[in-house]
Amino acid sequence: MKLLPNDPCWCGSGVKYKKCHKKFDLETETYRKQGYIIFPPSLLKSKQDIEGMRASGDITRGILDMLTDEIKEGVSTQKIDDLVREYTYDHNAIPATLNYKGFPKSCCTSINECVCHGIPDSNRMLKDGDIINVDVTTILNGYYADSSRMYSVGTLSENAANIVRVAKECLDIGIEQVKPYSRLNNIGDAIEEHAKKHGYSIVRDLCGHGVGKEFHEEPEILHYAQPKRKGILLVPGMTFTIEPMLNEGTHKCKFLRDGWTVETADKKLSAQWEHTLVVTDEGYEILT
Ligand code: MF3
Ligand code: CO
Ligand code: CO
């Protein structure tokens, strides 16, 4: 189907093709011929969507900043959840995890060998030397922003400090791969290479995800290498998370019977950092 410049655009916007997706089609055509998968343009975010996600991300970031001084020895993970929930509602937002597919709390708190999706608990107190990931997703005016950080309790062992640091480096290196008309899988290639160099494995059972109008959208963001596949092409307006989970030992995970908590199969340490970002015309913008 060949559209003329003044025909209505195929995307349903009602705008003339030449003013709408013509440029996008021209830019992506050569990549399609090379074997890349072109992300459906109907799923790309508009300027207005990005503004909405940015405002939501400001709250997510505010929560994670606020927790810095609150996370210390003797504090329960339930207390962290209370702080997240109260801050979220005080900012007229909604905690996305609360009642999400039955998840009972306003954030995830994942300590030491917990890979992710730990459930806040009034009986679980933080101890000296613990490392904890707090994962927060905010909904503001229908827009989702998802981010997590590691926090240290008291004095860390050298092992704990190292995995926290390298996990953050992996997130940053993954983010650096994000630019338009580049390969999505470059993210996972770069992350796995850096993790391996430091002797860590990358969790394969869980991945990053598109985010914005829903909690989990297309595409999947793998944090490990996909050497042979061209895969999906990055284009402006794609919004997704990068959230690599590094393990000290095996990449294998154990899924607990509470239906949520994920632990390392060998009970060694795990660490994760997460941001939500958008592909821009120049590169990327971190929204959290
Ligand atoms: N925020 C998590 C993520 O990064 C998802 C948590 S879902 C929950 O994708 F239900 F476990 F909270
Ligand atoms: Co996420
Ligand atoms: Co998250």
Undergrad: Is it the case that S148 and N133 place a side-chain donor and acceptor less than 3.5 Å from each other?
TA: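 Checked: S148/N133 side chains pair up, N/O donor to acceptor below 3.5 Å.
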
Undergrad: Under a 3.5 Å threshold, yes or no: a donor from one side chain and an acceptor from the other, between W273 and D172?
TA: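 Their side chains do not contain a donor-acceptor pair, so the 3.5 Å distance test is not met.
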
Undergrad: Closer than 3.5 angstrom, by distance alone: can the side chain of S201 be matched with the main-chain N or O of H251 as a donor-acceptor pair?
TA: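 Yes: the side chain of S201 pairs with the backbone of H251.
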
Undergrad: Atom NZ of residue position K18 - does it have more than 12 heavy atoms of other residues, nucleotides or ligands inside 6.0 Å?
TA: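 Correct, the count exceeds 12.
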
Undergrad: Please lay out, stage by stage, how T241 and E243 fare under the test side-chain hydrogen bond (donor to acceptor under 3.5 Å, both in side chains).
TA: CA-CA 6 Å; T241 72; E243 48 181 305; 2.8 Å; yes

Undergrad: Side chains of Y143 and D49: do they bring a donor and an acceptor to under 3.5 Å?
TA: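 Their side chains do contain a donor-acceptor pair, which is all the 3.5 Å distance test asks for.
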
Undergrad: Tell me whether T276 contacts the main-chain N or O of A145 through its side chain, where contact means a donor paired with an acceptor under 3.5 Å.
TA: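 Looks like no, no N/O pair under 3.5 Å.
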
Undergrad: Side chains of L44 and S42, heavy atoms from C-beta outward: is any pair under 4.5 Å?
TA: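 The answer is no; the side chains never approach within 4.5 Å.
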
Undergrad: Tell me whether D130 is salt-bridged to K127, with the criterion being a basic N under 4.0 Å from an acidic carboxylate O.
TA: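 Salt bridge present between D130 and K127.
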
Undergrad: Side-chain heavy atoms under 4.5 Å apart, restricted to Ile/Leu/Val/Met/Phe/Trp/Tyr: what other residues fall into the cluster of L26, or is it alone?
TA: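 Direct or chained contacts put L26 with none.
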
Undergrad: Check the surroundings of atom CD in Q34: do more than 12 heavy atoms from other residues, nucleotides or ligands lie under 6.0 Å from it?
TA: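 Correct, the count exceeds 12.
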
Undergrad: Going by distance alone, is a donor N or O of one side chain under 3.5 Å from an acceptor N or O of the other, for Y224 and D189?
TA: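 Side chains of Y224 and D189: no pair found under 3.5 Å.
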
Undergrad: Where the side chain of T60 meets the backbone of S56, is there a donor-acceptor pair that is under 3.5 Å apart?
TA: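 Yes, the answer is positive, given that a donor and an acceptor are paired below the 3.5 Å cut-off.
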
Undergrad: Between the main-chain N or O of L246 and the side-chain N or O of S270, is there a donor-acceptor pair closer than 3.5 Å?
TA: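 Such a contact is found between S270 side chain and L246 backbone.
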
Undergrad: Going by the angle between their ring planes, with limits at 30° and 60°, are Y100 and W260 parallel, tilted or perpendicular?
TA: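 The arrangement is tilted - the two ring planes meet at 30° to 60°.
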
Undergrad: Got a sec, which residues hit side-chain hydrogen bond (donor to acceptor under 3.5 Å, both in side chains) with T288, two or more places apart in sequence or on another chain?
TA: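 side-chain hydrogen bond (donor to acceptor under 3.5 Å, both in side chains) list for T288, sorted by chain: H275.
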
Undergrad: Taking ring-ring contact (aromatic ring centres under 6.0 Å, His included) as the test, write out the residues that go with Y87, two or more places apart.
TA: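 Result, ring-ring contact (aromatic ring centres under 6.0 Å, His included) vs Y87: H91.
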
Undergrad: Is a side-chain N or O of R183 found less than 3.5 angstrom from the main chain of R229, in a donor-acceptor match?
TA: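 Here the side-chain-to-backbone pair exists.
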
Undergrad: Between the main-chain N or O of K105 and the side-chain N or O of D81, is there a donor-acceptor pair closer than 3.5 Å?
TA: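 Here the side-chain-to-backbone pair does not exist.
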
Undergrad: Between atom NZ of K168 and atom CZ of R149, what is the distance when rounded to the nearest 0.5 Å?
TA: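 K168 NZ to R149 CZ: 9.0 Å, rounded to 0.5 Å.
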
Undergrad: Regarding K79 and E70, does a basic nitrogen lie under 4.0 Å from an acidic carboxylate oxygen?
TA: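 No salt bridge links K79 with E70.
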
Undergrad: Using the ring of each side chain (for Trp, its six-membered ring), is Y36 parallel, tilted or perpendicular to Y31, with breaks at 30° and 60°?
TA: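 Y36 vs Y31 ring planes: perpendicular.
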
Undergrad: When you measure from the side chain of N99 to the backbone N and O of G102, does any donor-acceptor pair fall under 3.5 Å?
TA: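 Between the backbone of G102 and the side chain of N99 there is no qualifying donor-acceptor contact (under 3.5 Å).
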
Undergrad: Hey, is CD on E220 packed in by over 12 heavy atoms from elsewhere, all under 6.0 Å?
TA: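 No, the 6.0 Å shell around CD holds no more than 12 heavy atoms from other groups.
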
Undergrad: I'd like to know if the side chain of N247 reaches the main chain of G249, judged simply by a donor and an acceptor atom lying under 3.5 Å from each other, with no hydrogens or angles considered.
TA: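 No; zero donor-acceptor contacts below 3.5 Å.
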
Undergrad: Under 3.5 Å, is there a donor-acceptor pair between the E176 and Y284 side chains?
TA: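 Side-chain D/A pair, E176 to Y284: present.
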
Undergrad: Between D65 and T68, do the side chains contain a donor N or O and an acceptor N or O under 3.5 Å apart?
TA: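 Per modelled atom types, T68 and D65 side chains form no pair under 3.5 Å.
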
